[in-house]
Amino acid sequence: MAVRPPRPAGAPAEAPSVPDTMRAVVFDEPGDADSLHLTEVATPAPVMSELLVRVVAAGVNPIDAKTRSGRGVSSAIASYPAVLGFDFSGIVVRAPFETHPLQPGTPVYGMAAFPRTPGSYAEYAVVSSLSVAKMPTGLSHVEAAGVPLAALTAWGLIVETAHAHEGQRILIHAGSGGVGHFAVQFASYFGAHVTATASGRNAAWLRELGASVVIDHTSTKFEDVVADVDVVIDLVGNTLDATGSRSLGVLRRGGLIVNVPTGSWPTFEEDAAAADVRASTYKVIPDGGALATIARLLASGSVQVYIDRVFELGDAAEAHREIEDGHTRGKIVLRVSDD
């Protein structure tokens with residue numbers, strides 16, 4: 001009987017077998033949270049420079065719930081049933097080529113290209129090799145899955161758009177949410193003076209994360225205590241208590257307001273121009289290079305991810321109801337498979 005020679009030291013690991021079908025949470029048409037259901041679908045196959053990742057955990061984001069309900073990015077869904085999900089943490093099972101830096105067996109985290117490809121609420125996901133990075137050391141898969149979309153959004157807002165620096169004054173609305181708690185930390189890390197709005201129960205926690213001032217939005221109007229800030233990061237929009245419009249009055253002349261929730265403020269540009277401030281929307285960029293930098297900050301303890309609740313994959317509907325309730329601290333994550 002022939003004996004296979006030993007694999008040379010440093011050679012890529014052999015790719016494990018991949019089943020033809022996988023468990024996934026899908027929805028057959030836009031609807032409420034109960035439209036999500038667990039089923040078996042075909043396992044996707046990578047092409048060109050894509051990776052196939054075995055998903056261990058998947059993050060749940062407000063954009064997921066919006067898309068499921070018929071808003072968000074639902075207009076780009078080509079066919080149903082659709083597999084939701086952007087965030088993931090998992091293990092590479094197929095690499096594009098033998099010398100690719102992310103070989104089978106490598107723990108990674110990143111973003112799926114949903115809705116162009118099936119999302120991360122599934123046992124396997126096909127992802128661009130440019131939208132992933134090695135998983136931060138010291139984090140569990142559940143913790144890592146809560147990072148990508150929220151942290152990349154916060155990074156783009158604070159570092160690439162606001163250019164946070166020493167002495168800059170930044171107001172962050174919804175500072176205790178998924179994006180918000182990263183935005184507070186990044187702004188503080190780069191030396192900005194951070195004011196955050198949140199509920200009173202999160203005040204002490206946000207100060208620990210780096211906020212200099214926390215305003216309880218349930219008892220205090222932020223415009224009564226804040227003025228002449230350089231940047232407003234608006235993670236609420238103008239659909240709740242006119243948060244966006246009220247923010248224009250606390251900016252210095254020529255300051256910057258960045259509005260994130262899609263479709264939340266139809267007259268955003270005109271209103272900002274009338275107030276003599278700069279304005280921009282923002283869309284997350286799935287950047288593996290930025291994820292690698294964020295991984296180093298997480299590994300060093302300079303930045304932390306907070307996981308509010310963990311649900312099993314089959315309980316995705318309950319996770320959506322939780323995030324739509326609007327009181328999540330940090331992130332909600334689905335546990336998809338074993339490490």
Treating Ile, Leu, Val, Met, Phe, Trp and Tyr as nodes and any side-chain heavy-atom pair under 4.5 angstrom as an edge, say whether [X] and [Y] lie in one connected cluster.
{"X": "L171", "Y": "Y282", "result": "no"}
{"X": "V213", "Y": "L235", "result": "no"}
{"X": "V108", "Y": "I285", "result": "yes"}
{"X": "F114", "Y": "L152", "result": "yes"}
{"X": "L157", "Y": "V277", "result": "no"}

Keeping [X] on the side-chain end and [Y] on the backbone end, is there a donor-acceptor pair under 3.5 Å?
{"X": "S188", "Y": "V184", "answer": "no"}
{"X": "D230", "Y": "G255", "answer": "no"}
{"X": "E143", "Y": "S140", "answer": "yes"}
{"X": "K331", "Y": "G146", "answer": "yes"}
{"X": "S120", "Y": "D87", "answer": "yes"}
{"X": "T328", "Y": "G330", "answer": "no"}
{"X": "S129", "Y": "S49", "answer": "yes"}
{"X": "T197", "Y": "A174", "answer": "yes"}
{"X": "T153", "Y": "V179", "answer": "no"}

Please tell me whether [X] and [Y] have a donor and an acceptor in their side chains that are separated by less than 3.5 angstrom.
{"X": "S337", "Y": "E123", "answer": "no"}
{"X": "T220", "Y": "D216", "answer": "no"}
{"X": "T67", "Y": "D64", "answer": "no"}
{"X": "W265", "Y": "D234", "answer": "no"}

How about [X] and [Y]: do any of their side-chain heavy atoms sit closer than 4.5 Å?
{"X": "S176", "Y": "L206", "answer": "yes"}
{"X": "D241", "Y": "R246", "answer": "yes"}
{"X": "K66", "Y": "P261", "answer": "yes"}
{"X": "L84", "Y": "L36", "answer": "yes"}
{"X": "H173", "Y": "F222", "answer": "yes"}
{"X": "L51", "Y": "R94", "answer": "no"}
{"X": "Y121", "Y": "V60", "answer": "yes"}
{"X": "I233", "Y": "I170", "answer": "yes"}

E40, CD: over 12 other non-hydrogen atoms inside 6.0 angstrom: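 Count over threshold, so yes.
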Trace of the side chain to side chain donor-acceptor pair (under 3.5 Å) decision for H327 with S199: CA-CA 9 Å; H327 300 294; S199 63; over 6 Å; no
Verdict with reasoning, V26 to H37, per side chain to side chain contact (heavy atoms under 4.5 Å, CB included): CA-CA 6 Å; V26 306; H37 58 97; 3.4 Å; yes
Could you check whether the rings of F186 and F182 sit parallel, tilted or perpendicular, using 30° and 60° as the cut-offs?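 Geometry flag for F182 against F186: parallel rings.
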Proximity of Y80 and F27 rings by center, below 6.0 Å: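 Yes; F27 has its ring centre under 6.0 Å from that of Y80.
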May I have the step-by-step check of side chain to side chain donor-acceptor pair (under 3.5 Å) for S245 and N238, ending in yes or no? CA-CA 7 Å; S245 296; N238 225 25; 2.9 Å; yes
Any ion pair linking R68 and E29 (charged N to carboxylate O, less than 4.0 Å)?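 Not counted as a salt bridge, because no side-chain N and carboxylate O are separated by less than 4.0 Å.
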Is R253 paired with D276 through a side-chain N to carboxylate O contact shorter than 4.0 Å?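 Here D276 pairs with R253 in a salt bridge, since their nearest N and O are under 4.0 Å apart.
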Honestly, is R335 close enough over F311, meaning NZ or CZ under 6.0 Å from the six-membered ring centre and within 45° of the axis?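 So R335 doesn't make the cation-pi contact.
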List the residues meeting ring-ring contact (aromatic ring centres under 6.0 Å, His included) with H141, not counting sequence neighbours, and say none if there are none.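 Partners of H141 by the ring-ring contact (aromatic ring centres under 6.0 Å, His included) criterion come out as none, since no residue qualifies.
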